[in-house]
Amino acid sequence: MRIGILVIMMLFLQACAIFGPPTELDDTKGLSAERIYEKASEEMANKNYKKSVEYLKKLESRYPNSKYGAQAKLDMAYAYFKQEDSAQCVSSVERFIKIHPNHPNLDYAYYLKGVAYFKQRGLIEKATLQDISDRDPKVLRQSFLAFKDLLTLYPNTRYGKDATERMIYLKNKLADHELHIARHYMKVKAYVAALNRAKYVIESYPDSNFVEEALVIIISAYDNLDMSDLKEDNLRILKQNYPNSSMFTKGQDTKKRDWWKFWDKD
């Protein structure tokens, strides 16, 4: 009995060596694009995103020019997003945008791209237990630019409100990142570098929550550089735009060159 089983196993291994391992049965063989899409959608509804991607890939390869083939690319991007695979999601979206520049759901593609980057930002922040504003802002900028493209190309998109709110959040995080670096430069007395970072915040993010602090750093930097005229000019701007600034209401001595430290968060 045991000898018989060993013989069968040996024959099986020999067959695999000659013909390769047995192939998995393809349950989509002979099916129409519509039917494969239905199967992918069923798996998506059941939150079996990996299996859904398998069906969508087969659909795309067999019926690339069908209406389902185009939608498969977008659905695949969403499935990757649900699997928290931001890189694959963005890659799929970018391929979709390139191949189907006139697709009726193109606004959703840009929105999904922005959200994928935004989600990646969230995962980094959660994993490190650290505010993303003091880390590499590349992902934040990518998310911001994707939402900006969406609102520029489709100002009336139904995703506009959510995209706008996310952009406001990202804009403040990016501004905070720049000032995090500016504060470091002030500490090491690299006043010109600090000045440039603070100016960049005002020029690039004029409606962020960090313009007041940027002005404070600019004034302090000019003070330390003995550029009193420019210091006074910016001090007037600060008083004019932020008359209730804590720098004034708390009796901070504006003659001291280190008054930027009032804002230091580190």
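These numbers come from the heavy atoms of this one structure, side chains and all, not from hydrogens, waters or symmetry mates. Note that this is a predicted model, so its numbers are computed, not measured.
- Across every non-hydrogen atom of L174 and P137, the tightest pair is CD2-CB, 3.7 Å.
- Relative ring orientation between Y159 and Y108 is described as tilted, the plane-to-plane angle lying within the 30° to 60° band.
- Of the residues listed (V201, D223, I202), the one engaging I218 in a side-chain contact (heavy atoms from CB on, under 4.5 Å) is I202, and it is the only one.
- Cation-pi contact between K113 and Y117: absent, since separation from the ring centre below 6.0 Å together with deviation from the ring axis within 45° is not met.
- Taking the side chain as every heavy atom from C-beta outward, Y110 and T157 never approach each other to under 4.5 Å.
- A distance of 7.0 Å separates CD1 in I97 from CD in E94, rounded to the nearest 0.5 Å.
- Looking at residues two or more places apart in sequence or on another chain, you find a salt bridge (charged side-chain N to carboxylate O under 4.0 Å, His left out) between R62 and D26.
- Across all their heavy atoms, L195 and Y222 have their closest contact at CD2-CE2, 3.5 Å.
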Derivation of the side chain to side chain contact (heavy atoms under 4.5 Å, CB included) call for K189 and Y191: CA-CA 5 Å; K189 300 182 180 182; Y191 301 120; 3.2 Å; yes
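- Rounded to the nearest 0.5 angstrom, K73 NZ and K98 NZ are separated by 12.5 Å.
- For the pair L140 and H177, the minimum side-chain heavy-atom distance is 4.5 Å or more.
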List the steps and the verdict of salt bridge (charged side-chain N to carboxylate O under 4.0 Å, His left out) for R236 and D233. CA-CA 5 Å; R236 281 193 292 272; D233 287 344; 2.3 Å; yes
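- If you check the side chains of D75 and Y37, you find a donor sitting under 3.5 Å from an acceptor.
- In this structure, the separation between NZ on K50 and OH on Y80 is 10.5 Å, given to the nearest 0.5 Å.
- Within the 4.5 Å cutoff, the side chain of S143 has no heavy atoms near those of the R166 side chain.
- If you take CG on L179 and CZ on F210, they are separated by 7.0 Å, rounding to the nearest 0.5 Å.
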Stepwise side chain to side chain contact (heavy atoms under 4.5 Å, CB included) check, L106 with F96: CA-CA 9 Å; L106 205 61; F96 174 83; 3.8 Å; yes
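- Electrostatic pairing of K57 and E60 does not count as a salt bridge here, judged by no charged N lying under 4.0 Å from a carboxylate O.
- Between I217 and R197 the shortest side-chain heavy-atom distance does not fall below 4.5 Å.
- Side-chain contact check for L31 versus K58: every heavy-atom pair is 4.5 Å or farther apart.
- Residues that satisfy the salt bridge (charged side-chain N to carboxylate O under 4.0 Å, His left out) test with E38, not counting sequence neighbours, are R35.
- With M227 as the fixed residue, the side-chain contact (heavy atoms from CB on, under 4.5 Å) test singles out one of N224, L230, D229: L230.
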Evaluate the side chain to side chain contact (heavy atoms under 4.5 Å, CB included) criterion for residues L215 and Y242: first the C-alpha distance (whole Å), next the side-chain angles of each, then the deciding distance (0.1 Å), finally the verdict. CA-CA 10 Å; L215 280 168; Y242 302 95; 4.0 Å; yes
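- Put simply, the side chain of F147 reaches to within 4.5 Å of the side chain of Y111, judged on heavy atoms.
- In this structure, K82 does not pair ionically with E43, as no charged nitrogen and carboxylate oxygen lie closer than 4.0 Å.
- At least one side-chain heavy atom of Y78 sits under 4.5 Å from a side-chain heavy atom of M44.
- We find the CG-CD1 distance between D207 and I168 to be 8.0 Å, quoted to the nearest 0.5 Å.
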For H103 and Q71: C-alpha separation, side-chain torsions, deciding distance, then whether side chain to side chain contact (heavy atoms under 4.5 Å, CB included) applies. CA-CA 9 Å; H103 196 277; Q71 189 61 38; 3.8 Å; yes
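- Here L225 contributes atom CG and K231 contributes atom NZ; the two are 12.0 Å apart, rounded to the nearest 0.5 Å.
- Between L238 and V216, some side-chain heavy-atom pair lies under the 4.5 Å cut-off.
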